[in-house]
Number of protein chains: 2
Amino acid sequence: MALEHAILVSLLEQPGSGYELARRFDRSIGRFWTATHQQIYRVLRRMEADGWVAGQEIAQDGRPDKKVWSGTAAGRRALVDWLHEPVEPETVRHELAVKIRAAAFDDPSALVPEVERHRAEHAALLERYLVGERRDFPDPAALDDQQRLQHVVLRGGIEYERMILAWLDDVLATLHRLGTPPPTPSTPGT
Amino acid sequence: MALEHAILVSLLEQPGSGYELARRFDRSIGRFWTATHQQIYRVLRRMEADGWVAGQEIAQDGRPDKKVWSGTAAGRRALVDWLHEPVEPETVRHELAVKIRAAAFDDPSALVPEVERHRAEHAALLERYLVGERRDFPDPAALDDQQRLQHVVLRGGIEYERMILAWLDDVLATLHRLGTPPPTPSTPGT
DNA sequence: CGCACCATGTAAATAGTTACATGATTCC
DNA sequence: GGAATCATGTAACTATTTACATGGTGCG
């Protein structure tokens, strides 16, 4: 399981509260591992019991108290152990692809707005990645190892979004082309 | 949830037993939605209770009896209803990306064999997709609507694998480049 | 006042994985 | 004889999602 490890990476890079972690999972880390705050709080307590993280209560005025978590030495050892275990290539879950094949059992053009909506969301995400890349990695020659690794993961996200956009264009073109030449020969020449 | 719907698509395209479904989920459907046979059998019984699928016992000699499932008209209606509901763009879960960022907290070169292993698996998968494409869609101009939709989903899988391969090459190049110019200035000029 | 943001949680339900079980046939 | 394939399942566990709950601050 990688949620523990994703949290460890995030906390070792930068300590933070459960809430802050949840926001990071909505942004950078969430590119390759998602989690809601409910899950994060629960896992954080388990990790505390295992000694992987340690929390410190911070009183704030004007805002609720928060608990800032850090990765411990034991947490780092657990992360390194995990790093040496093989993981299986990800199991893909792509609901839109299920829908595209399902469209054969309905009017496929009904799917066009849905695909266009996904296209717009992916285009917006790509734009956010590119803005983040210019902000965080303006000079690729001046990065330390940690930043180079962060950058190569971000490049993966960027290339993924570019690929998806091109594919969604292919899907739209395919949907528009349906119902023409060979399919269901029900209306012959007049 | 899409497992029910993925099963419906598969059964509407071609009826089959739970076992056969599980094998399809290891192959074609599994490109974009994975499921184990345990899950499939459980969901199949729920779908039967909902009237979405109907099973027929087939006695076989030399082999165990099997139950061949088909999608019903009600199942097809449920699929079409789902088609008209919006789905959210997929939540990506990419464990290897977590590992790549985690590599900053260990010797990053230890990750090279793992990345190479993933690269080899993705290359093999791409090869299988391309073989399947030549076999199932030799003449793209002669396809009916259902096949065109299957083909565009397969093209998505192909482009995904190509993108991943290019990215893993980028990751390997990045890993090899680590520890050079700017990082951790601990050993100055002699 | 209502909404958004900060901050942390509980409870319940659903989904998914892992381990185990059974039993026949075919291939090496 | 042992392994792989066909075929179907139960049980236990773990992970994830969804809904609900609380309460303060700052903004328009």
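Because only heavy atoms are used, hydrogens play no part in the values below, and waters and symmetry mates are left out as well, while side chains stay in. It should be emphasised that the depicted structure is a prediction, and the values quoted were computed from it without experimental measurement. Letters A, B, ... are given to chains in the order of the sequence lines, protein chains preceding strands, and every chain is numbered from 1.
- Open room surrounds CD on A:Gln56; 12 or fewer heavy atoms of other groups in view lie less than 6.0 Å from it.
- As a whole-Å value, the separation of B:Glu20 CD from D:dT5 C1' is 13 Å.
- Comparing D:dT16, C:dT8, C:dT18 against the side chain of A:Lys67 picks out C:dT8 as the nearest.
- C:dT22 atom C1' lies 14 Å from atom CG of B:Asp65, rounded to whole Å.
- Atom CZ in B:Arg24 sits roughly 12 Å away from atom P in D:dA7 (whole-Å rounding).
- The side chain of B:Pro64 lies closest to D:dC6 when the candidates are D:dA15, D:dC6, D:dC20.
- Ranked by how close their nearest DNA chain D nucleotide is to the 5' end, A:Gln39 and B:Arg23 are led by B:Arg23.
- Not one side-chain nitrogen or oxygen of B:Arg93 sits closer than 4.0 Å to the OP1 or OP2 atom of D:dA15.
- The CH2-P distance, from A:Trp33 to D:dT17, rounds to 10 Å in whole Å.
- For the OP1/OP2 pair of C:dG9 and a distance below 4.0 Å, the side-chain nitrogens and oxygens of A:Tyr41 include no atom meeting the criterion.
- Of the candidate nucleotides D:dT18, C:dT8, D:dT10, D:dT18 has the atom lying nearest to any side-chain atom of A:Thr36.
- Between the CD atom of B:Gln38 and the C1' atom of C:dC20 there is a distance of 10 Å, given to the nearest Å.
- Summarising the geometry of B:His84 relative to A:Ala110, their closest heavy-atom pair is CE1-CB, 3.7 Å, with the distance given to 0.1 Å.
- Atoms CZ (A:Arg63) and P (D:dG26) sit 9 Å apart, rounded to a whole Å.
- Straight-line distance from the NZ atom of B:Lys66 to the C1' atom of D:dG9: 17 Å, rounded to whole Å.
- Ranked by how close their nearest DNA chain D nucleotide is to the 5' end, A:His37 and B:Ser17 are led by B:Ser17.
- Remark: B:Tyr19 is in phosphate contact with D:dC6, judged by side-chain N or O atoms under 4.0 Å from OP1 or OP2.
- Note that CD of A:Glu48 and OG1 of A:Thr72 are 10.5 Å apart. Values are rounded to the nearest 0.5 Å.
- Taking NE2 of B:His122 as the start and CD of B:Glu127 as the end, the distance is 15.0 Å to the nearest 0.5 Å.
- One cannot find a donor-acceptor pair under 3.5 Å joining the base of D:dT10 and the side-chain atoms of B:Arg45.
- Between the CZ atom of B:Arg42 and the C1' atom of C:dT17 there is a distance of 9 Å, given to the nearest Å.
- Annotation: A:Glu121, atom CD; neighbour count of heavy atoms from other residues, nucleotides and ligands within 6.0 Å is above 12.
- Residue A:Arg46 places at least one side-chain N or O closer than 4.0 Å to OP1 or OP2 of D:dA15.
- Counting any heavy atom pair closer than 4.0 Å across all strands shown, A:Gln60 reaches sugar-phosphate atoms only and no base atom.
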